Amino acid sequence: TLRERGATVTLLDAYGPGHPRATSCDEVRQIRMSYGDREVYSRSAMNAMQLWKKRQEEFGRKLLFPGGRLVMRKAWNKELEDQKAIFERLSLPYEVLKPEEMIKRYPQVGFEGVGIGFLDINAGLLKAREAIMAITETFERKGGTIRLARAMPGAAAGSIGRPSCGTVPI
């Protein structure tokens with residue numbers, strides 16, 4: 001969005017977008033709303049989900065696939081109670097499932113020792129590598145520059161010893 005606001009933006013990438021050694025690569029990544037008692041992550045995920053839905057239209061390809069996320073525990077606990085409270089506060093849909101309902105819905109999963117399930121209905125999967133490529137194409141089309149390089153800390157400078165940063169071409 002900096003580029004969209006008119007800023008000159010250069011992306012430094014050590015291997016190139018979509019490279020198998022990149023940390024954001026791989027075929028899929030999960031987007032979920034459930035993070036136990038960490039509401040800030042649930043809010044961030046809600047925002048990310050809306051942005052992905054909007055951007056995939058711009059990219060002209062389906063990248064986000066709904067599917068839900070089932071958290072399984074032996075018994076109802078503080079983590080699930082905290083998550084339920086956050087979901088209710090944020091008006092996020094969820095289901096609490098008993099073992100017989102989980103077995104009925106997901107017969108391929110073994111539920112031995114599972115006493116309760118918390119279904120994060122809005123969770124989904126993102127085609128990660130394809131999304132990186134779509135973002136890169138759009139970024140370049142909008143005037144962004146990509147360079148193969150990596151950021152490296154420079155020598156400490158100043159009275160409090162903050163390092164300066166530089167780049168190293170690859």
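Heads up: numbering here begins at 1 and tracks the sequence. Remember, it's a predicted structure, so these values are computed and weren't measured experimentally. Note that these values count all heavy atoms, side chains included, but never hydrogens, waters or copies made by symmetry.
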> Does anything in residues 120-152 pair up under ring pair (Phe, Tyr, Trp, His ring centres under 6.0 Å), and if so which pairs, sequence neighbours excluded?
none

> So how far is it from Met133 CE to Lys127 NZ, rounded to the nearest 0.5 Å?
13.5 Å

> Evaluate the criterion salt bridge (Lys or Arg N to Asp or Glu O under 4.0 Å) for residue pair Arg141 and Glu137; output intermediate values, then yes/no.
CA-CA 6 Å; Arg141 188 174 63 248; Glu137 292 163 9; 5.8 Å; no

> List the residues meeting side chain to side chain contact (heavy atoms under 4.5 Å, CB included) with Ala7, not counting sequence neighbours, and say none if there are none.
Leu2, Val9

> I'd like to check the side chain to side chain contact (heavy atoms under 4.5 Å, CB included) partners of Lys142; sequence neighbours left out, ordered by chain and number.
Arg3, Glu4, Arg55, Glu58, Thr138

> Please round to the nearest 0.5 Å and tell me the distance separating atom CG of Leu70 and atom CZ of Phe111.
6.0 Å

> Going by the salt bridge (charged side-chain N to carboxylate O under 4.0 Å, His left out) test, which pairs reach into residues 64-75, not counting sequence neighbours?
Arg73-Glu79

> Which heavy atom in Gly115 sits nearest to a heavy atom in Pro99, and how many Å separate them?
O-CD, 3.4 Å

> Would you call Glu100 and Lys104 a salt bridge, taking side-chain N to carboxylate O under 4.0 Å as the test?
no

> Among residues two or more places apart or on two chains, list those pairs meeting side chain to side chain donor-acceptor pair (under 3.5 Å) that have a residue in residues 113-126.
Ser34-Asp120

> Holding to salt bridge (charged side-chain N to carboxylate O under 4.0 Å, His left out), I want the full list of residues that pass it with Lys98, two or more places apart in sequence or in another chain.
none

> What residues, two or more places apart in sequence or in another chain, satisfy side chain to side chain contact (heavy atoms under 4.5 Å, CB included) together with Asp82?
Asp37, Lys78

> Name all residues meeting the ring pair (Phe, Tyr, Trp, His ring centres under 6.0 Å) criterion together with Tyr41; count only those two or more places apart in sequence or in a different chain, and write none if there are none.
Tyr35

> Counting only heavy atoms not in Glu57, do more than 12 sit closer than 6.0 Å to its CD atom?
no

> Does Glu112 have any salt bridge (charged side-chain N to carboxylate O under 4.0 Å, His left out) partners at least two apart in sequence or in another chain, and if so, which?
none

> If you look at every heavy atom in Gln83 and Ser42, which pair is closest and at what distance?
NE2-OG, 3.9 Å

> Is it the case that one hydrophobic cluster holds both Leu119 and Val109, taking links as side-chain heavy atoms less than 4.5 Å apart, direct or via other members?
yes

> Under the salt bridge (charged side-chain N to carboxylate O under 4.0 Å, His left out) test, which residues partner Arg105, sequence neighbours left out?
Glu95, Glu101

> Checking side-chain contact (heavy atoms from CB on, under 4.5 Å) for the pair Ile146/Glu140: CA distance, chi angles, key distance, verdict?
CA-CA 8 Å; Ile146 298 175; Glu140 288 181 308; 3.8 Å; yes

> Closest heavy-atom contact between Leu148 and Gly16?
CD2-N, 3.3 Å

> What's the spacing between Met102 CE and Met72 CE if we round to 0.5 Å?
7.5 Å

> Would you say Lys62 has more than 12 foreign heavy atoms packed within less than 6.0 Å of its NZ?
yes

> Tell me who clusters with Phe118, hydrophobic residues only, linked when side chains sit under 4.5 Å apart either directly or through other members.
Ile31, Met33, Met46, Met49, Trp52, Phe59, Leu63, Leu64, Val71, Trp76, Leu80, Ile86, Phe87, Leu90, Leu92, Tyr94, Val96, Ile116, Leu126, Ile135

